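So the structure is just underneath, and the comments pick up after that.
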Amino acid sequence: MILDVIARALRARGLETTLLYGIDDMDPMDAQALLTPDAVEHEMGRPLAHVPDQEGDGHASYARHHAQVFIDLFAGLGIHPDRYYWMSDIYPTGDMDPFIRTALDRAEQVREIYRRVANVQHPSDWHPIQVVCPNCAKIGTTIVTKWDGERVFFECRQALVTWARGCGTSGWTSPFGGTGKLGWNLEWAAQWSLFGVTIEPCGKDLSTAGGSRDRADAIAREIFEREPPLNVPYEFLNIGGKKMSTSKGRGAAAHAIVEVIPPEQVRFLFLRPRPNQVIEFEPEGSDAIPRLFDEFDRFAAATAGRPVRGEIAPGFESTFAYALLDPNADVAAEAAAFRPAFSHLALLLQIPNVDLAARVAAEKGSALTARETGTLDERIRAARAWLEAYAPERAIVAVRDTVPAEEVAALDDDQRRYLAALADAGMSETEPPESGEAWQNLIFAIAGEAGLSNGRAFASLYAAFLGRTNGPRAGWLLASLEFDFVVGRLRQAAAAAPQVPA
RNA sequence: GGGCCGGUAGCUCAGUGGCAGAGCAGGGGACUUUUAAUCCCUUGGUCGUGGGUUCGAAUCCCACCCGGCUCGCCA
């Protein structure tokens, strides 16, 4: 996301920019969670690119299957790298061979960097490369101990790592052309040189002192003799206090979020705070999601030049523009587009027989454009999902099965009389009110006769039916219920004992 | 234990030397038909703690406290 926005910003300044995304699929399989039990012994430790797709849905490998999930996720968020490259494709071309050669020639220097930068003490025969075992095809279990300038001596050790078992084979082999793979920090640095990388943000888990980024930076400078790319360390998004990350396959939270929140609001969520600020996002039982929409709409309004409440963060136009899905969107037109308020939609969705499109068009004051109808549909889906999975109790409108005793007891006498009068009026109509409009007219008419302010009239209705002080348009609410039930409830509430002052 | 980042209103966050802010939430009010909308008003702070520099510190320096990440492998 950060890289996508950087690329967009550079292009906006007229700079030619290429956005690359690499998948390190020569790395060994080290997580058995997604493997079938009988595959564990055989597959653990093999390169991810060589492990068959466990789902059997047509991907060439385990790596391709799972990476596709993220590629799709990125595409859905408007992130379209110019090129995805796979290390399992790069190594066989021989493009990495010069870097492998340099790393092996300078193995002692690499070990020294690990000691100095990361305080990691590798054995004196350790070499910064692993090879695919010609016997068992694993890469995570092999260690290289000698280098003669053309070939390496490897051992496939039984107990090199705890998560995979080697076969015990050893021998001389060429490390080039796809057989060998540089260690992670070296591979990272080699990619910078190979692709001419100039900017590479990374998360704070890597950006720590002595961490992967420090090592890769040192290796780039001292082994491959190239200045490392600009780093933009960024913080994480915490969902309910837990880290969400795409890089370690902890994608479950990411997908759950993306299912509920439309892409532009997801982008907005990431872009609004500074990169080094942890984003605390707690959608569960909170108004975090409605608030996210409201803030987005506020930024849109400000960008369109409409007045907004209070102050707005500096750079709001950029934040809004980069939150848009389409990098070439007409920002002014997008900002000016009408967007129905999320919480209002969530409310309307809970009332039966509401023509949402008509209501929203009425709020706007004119017909919705195709784009706005799309936004509406998107928000309706989001609001439904929110109500189902995340909304707090107070956002749920539900007609109580019985008279809400406490809330009704808090009503004043004139409000109670009003409820009785409304019941009488409903009964005395030649036709029982059926439409929301008929009920709404009656509610206002009786309130006028009783000299009760509209606010207090509505409040008494909400108390009697919902057990709360406010609610959706009362006429339509009553119209959605059985007439006899409505009259009965009105009478019960009117007859309820008033609250005794403590 | 070392390192990095963070700690500002109930919540989410702005604010890098010049009167502590916004949104939301909370409280009060307006509204004869959008009534969870809209509009107006408003409560709320030991800027993590303690020291220092300065005419002046949320901001710069030092120490400490708390939280997250990281410091063997893997990525």
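This is a predicted model, so every value here is computed, not measured. Labels below follow one simple rule: chain letters A, B, ... track the order of the sequence lines, proteins then strands, and each chain is numbered from 1.
Atom pair Ile443(A):CD1 and C31(B):C1' shows a separation of 16 Å (rounding to whole Å applied). Atom pair Gln130(A):CD and C74(B):C1' shows a separation of 10 Å (rounding to whole Å applied). Atom CG of Asp294(A) is separated from atom C1' of C11(B) by 14 Å (rounded to the nearest Å). Counting to the nearest Å, the C1' atom of G68(B) and the CD atom of Glu282(A) are 16 Å from each other. Look at CZ on Arg213(A): it is 21 Å from P on C69(B), rounded to the nearest Å. Taking atom NZ on Lys181(A) and atom P on C73(B), their separation rounds to 14 Å, with Å as the unit. In this structure, Ile289(A) atom CD1 and C11(B) atom C1' are separated by 15 Å, rounded to whole Å. Atom CE in Met44(A) sits about 13 Å away from atom C1' in A75(B), given to the nearest Å.
Comparing G72(B), A25(B), C69(B) by their closest approach to the side chain of Asp287(A) singles out A25(B). Taking every side-chain heavy atom of His122(A) into account, C73(B) is the closest of A37(B), C73(B), U33(B). For Trp184(A), the listed nucleotide lying nearest its side chain is A75(B); candidates were A75(B), G72(B), C69(B). Side chain of His344(A), nearest nucleotide from C69(B), C73(B), A37(B): A37(B). Of the candidates A75(B), C69(B), U33(B), the closest approach to any side-chain atom of Asp205(A) belongs to C69(B).
Base pairing of C4(B) is made with G68(B), judged by Watson-Crick or G-U wobble geometry with both donor-acceptor distances under 3.5 Å. With a 3.5 Å ceiling on both atom-pair distances, the Watson-Crick or G-U wobble partner of C39(B) is G29(B). Taking a pair to require two hydrogen-bonding distances under 3.5 Å in either a Watson-Crick or a G-U wobble arrangement, G50(B) pairs with C62(B). Base pairing annotation: C55(B) forms a Watson-Crick or G-U wobble pair with G18(B), both donor-acceptor distances under 3.5 Å. Using Watson-Crick or G-U wobble geometry with both donor-acceptor distances under 3.5 Å, U34(B) finds no partner in any strand shown. Shown here, G23(B) forms a base pair with C11(B); the pair counts as Watson-Crick or G-U wobble because both key distances fall under 3.5 Å.
Residues Trp163(A) and Ala395(A) each lie close to RNA chain B; by heavy-atom proximity, the contact nearer the 5' end of the strand is made by Ala395(A). Taking for each of Leu160(A) and Leu347(A) the nucleotide of RNA chain B with the nearest heavy atom, the 5'-most of the two is the partner of Leu347(A).
For Arg165(A), the CZ atom counts as loosely surrounded, since its 6.0 Å shell holds 12 or fewer non-hydrogen atoms of other residues, nucleotides or ligands. Arg384(A) CZ: 12 or fewer foreign heavy atoms inside a 6.0 Å radius.
Between G7(B) and G50(B), the two C1' atoms lie 16 Å apart (nearest whole Å). G1(B) and G44(B) have their P atoms separated by 40 Å, given to the nearest Å. Rounded to whole Å, the separation between the C1' atoms of C55(B) and G17(B) comes to 12 Å. The same atom, C1', is picked in C13(B) and in C47(B); the two are 14 Å apart, to the nearest Å. Remark: the separation of the C1' atoms in A22(B) and A9(B) is 11 Å, to the nearest Å. Here the separation of G6(B) from C41(B), taken at their C1' atoms, is 36 Å to the nearest Å. G45(B) and A20(B) have their C1' atoms separated by 8 Å, with the value rounded to a whole Å. For the P atoms, the distance linking G18(B) with C60(B) amounts to 11 Å, nearest Å.
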Nucleic acid footprint by protein, nucleotides 12-23 of chain B - heavy-atom cut-off 4.0 Å, B for base, S for sugar-phosphate alone: SSSS-----SSS
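A perpendicular orientation is assigned to the rings of Phe268(A) and Phe299(A), their planes being inclined by more than 60° (bins at 30° and 60°). Ring geometry for Phe99(A) against Phe224(A) counts as perpendicular: the plane angle is over 60°, on a 0 to 90° scale with 30° as the lower cut.
Donor-acceptor pairing under 3.5 Å is recorded for the side chains of Gln191(A) and Tyr85(A).
Residue Ile289(A) holds its CD1 atom at 9.5 Å from CD of Glu282(A), rounded to the nearest 0.5 Å. Going from atom CD1 of Ile79(A) over to atom CG of Leu3(A) covers 9.0 Å, rounded to the nearest 0.5 Å.
Among the protein residues, Pro233(A) comes within range of no part of the nucleic acid, since none of its heavy atoms lies under 4.0 Å from any strand. Within 4.0 Å (heavy atoms only), Ser286(A) reaches no atom of the nucleic acid at all. Within 4.0 Å of Phe444(A), counting heavy atoms only, lies at least one base atom of the nucleic acid. In this structure, Val308(A) reaches neither bases nor backbone, as no heavy-atom distance under 4.0 Å exists between it and the strands shown.
With Trp188(A) as the aromatic partner, Arg213(A) meets the cation-pi criteria of under 6.0 angstrom to the ring centre and within 45 degrees of the ring axis. A cation-pi contact, defined as under 6.0 Å to the ring centre and within 45° of the axis, is absent between Arg111(A) and Trp126(A).
Within the 4.5 Å cutoff, side-chain heavy atoms of Leu461(A) are placed close to those of Leu419(A).
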